[in-house]
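Residue numbers begin at 1 in each chain, while the letters A, B, ... track the order of the sequences. Remember, predicted model here, so these are calculated numbers, not experimental data.
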2 protein chains.
Amino acid sequence: MDVGSIIKRLEAGGHKLTPKRRAIVEILLAEGRHLSAKEILQALQGKFPRVSFDTVYRNLHLLEEMKLICALEMQDGGCRYQINLRDDHHHHWVCLGCGQTLEVPECPLPVLKKAAGAVKFKIISHRFEVYGYCEGCQ
Amino acid sequence: MDVGSIIKRLEAGGHKLTPKRRAIVEILLAEGRHLSAKEILQALQGKFPRVSFDTVYRNLHLLEEMKLICALEMQDGGCRYQINLRDDHHHHWVCLGCGQTLEVPECPLPVLKKAAGAVKFKIISHRFEVYGYCEGCQ
DNA sequence: TATAAGAATAAGAATCATTCCGATTTAAGG
DNA sequence: CCTTAAATCGGAATGATTCTTATTCTTATA
């Protein structure tokens with residue numbers, strides 16, 4: 001995933017490529033790890049001193065809808081964002097030490113579909129995140 | 001799970017049995033379903049008009065630590081609480097229509113332990129909730 | 001290049017759940 | 001009954017997120 005392909009996907013979706021929108025993507029690409037909305041705002045203020053939280057959230061929501069980034073729910077309820085390296089649905093091992101994430105190789109939901117069917121439950125969405133420590137942080 | 005056994009567990013943990021604490025447990029038992037902190041506060045105000053949010057949250061956190069209730073993260077980020085009918089760790093099918101929950105028969109984590117080991121990730125905690133519609137609400 | 005239309009933005013107020021604070025009250029054991 | 005730590009109150013504070021309104025860009029098209 002590079003800036004070029006992200007820009008193409010934005011344009012294909014009928015969205016404008018504004019300087020701030022591009023900068024948010026570049027920040028996420030450069031950092032690699034997941035960032036909070038506040039961290040993104042602060043990084044953005046380097047180039048655009050007058051940028052607002054509203055702009056950060058609006059663009060993060062847009063990028064998330066287009067599946068260009070993914071939102072990680074943290075243990076404390078806060079949210080962090082990172083470039084979606086893969087294009088498909090997946091979950092994360094989230095390191096509580098350094099903040100790096102690794103991808104969980106499979107989604108647990110398919111295994112449970114039969115159990116849901118047994119109680120006639122129609123699945124709409126789910127959340128799954130695993131918190132702990134990566135090899136380096138243990 | 002009844003009021004008596006909950007009181008015993010509180011006393012065993014060295015906690016006082018205050019009228020408000022008992023009332024919160026009774027409200028959760030009487031309602032059966034999961035309630036938000038606000039709903040609990042409002043129900044509590046019937047008996048104790050001057051009770052504060054602080055008291056509600058303090059007691060909910062205590063009851064959660066003692067595993068007497070479980071906290072459900074909702075899709076919108078809010079939290080709801082219900083009596084922990086079983087004594088062990090489990091997850092829920094959460095109905096977006098009526099708010100009822102059904103217990104997921106197994107936790108997906110054990111299946112993924114091997115994958116975590118493969119990347120030397122030390123698991124500390126996890127979140128898993130499934131949202132959808134129960135049979136009656138579809 | 002000019003312009004129109006809609007999309008995006010700024011600024012800061014508003015919201016909402018949750019937590020914190022200092023002062024006061026209360027449960028439970030001796 | 002007394003003591004003491006725990007629990008409570010009332011309300012302010014916090015912090016992330018969303019909303020509102022006026023303004024400014026982008027892009028497409030003339």
*asked:* Categorize B:Asp54 for me: base, sugar-phosphate, or nothing, with a 4.0 angstrom heavy-atom threshold over every strand shown.
replied: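 Counting heavy atoms under 4.0 Å across all strands, the contact made by B:Asp54 includes a base.
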Just how far, in rounded Å, is [atom2] of [N] from [atom1] of [X]?
X: B:His15; N: C:dT26; atom1: NE2; atom2: C1'; answer: 17 Å
X: B:Arg22; N: C:dT26; atom1: CZ; atom2: C1'; answer: 16 Å
X: A:Phe48; N: C:dA11; atom1: CZ; atom2: P; answer: 13 Å
X: B:Phe53; N: C:dT15; atom1: CZ; atom2: C1'; answer: 13 Å
X: A:Leu41; N: C:dG12; atom1: CG; atom2: P; answer: 14 Å
X: B:Tyr57; N: D:dG11; atom1: OH; atom2: C1'; answer: 16 Å
X: B:Arg58; N: C:dT18; atom1: CZ; atom2: C1'; answer: 13 Å
X: B:Leu10; N: C:dA28; atom1: CG; atom2: P; answer: 10 Å

*Find the distance between NE2 (A:His89) and SG (A:Cys70) and round it off to the nearest 0.5 Å.*
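Separation between the atoms: 10.5 Å.
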*asked:* Rounded to the nearest 0.5 Å, what separates atom OG1 in B:Thr101 from atom CD in B:Glu129?
replied: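 B:Thr101 OG1 to B:Glu129 CD: 9.0 Å, rounded to 0.5 Å.
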I want to check one thing: is the phosphate of [N], taken as OP1 and OP2, less than 4.0 Å away from some side-chain N or O of [X]?
X: A:Thr55; N: C:dA10; result: yes
X: B:Lys38; N: C:dT18; result: no
X: A:Arg21; N: C:dA8; result: yes
X: B:His61; N: C:dT18; result: no
X: B:Arg50; N: D:dT8; result: no

*asked:* A side-chain contact here means heavy atoms from C-beta on lying under 4.5 Å apart; do B:Leu60 and B:Ile69 qualify?
replied: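 Of all side-chain heavy-atom pairs linking B:Ile69 with B:Leu60, at least one is under 4.5 Å.
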*Would you find more than 12 non-hydrogen atoms of other residues, nucleotides or ligands less than 6.0 Å from A:Arg127 atom CZ?*
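Enclosed.
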_Enclosure of B:Arg86 CZ (heavy-atom neighbours >12, cutoff 6.0 Å)_ =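 Yes, CZ of B:Arg86 has more than 12 neighbouring heavy atoms, counting only those of other groups under 6.0 Å.
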_If you assign A:Gly77 and B:Leu62 each to the DNA chain D nucleotide with the nearest heavy atom, which residue ends up on the more 5' nucleotide?_
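Taking each residue's closest nucleotide, the earlier one in sequence belongs to B:Leu62.
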Contacts under 3.5 Å, N or O only, protein and nucleotides 25-29 of chain D:
residue : atom : partner : partner atom : Å
D:dT26  : O2   : A:Lys16 : NZ           : 3.3

_Pair A:His126-B:His91, side-chain donor/acceptor within less than 3.5 Å_ =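 Result is no, nothing qualifies.
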*Distance-minimising heavy-atom pair for A:Ile124 and B:Gly132*: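 Reported closest heavy-atom pair: CG1-CA, 3.5 Å.
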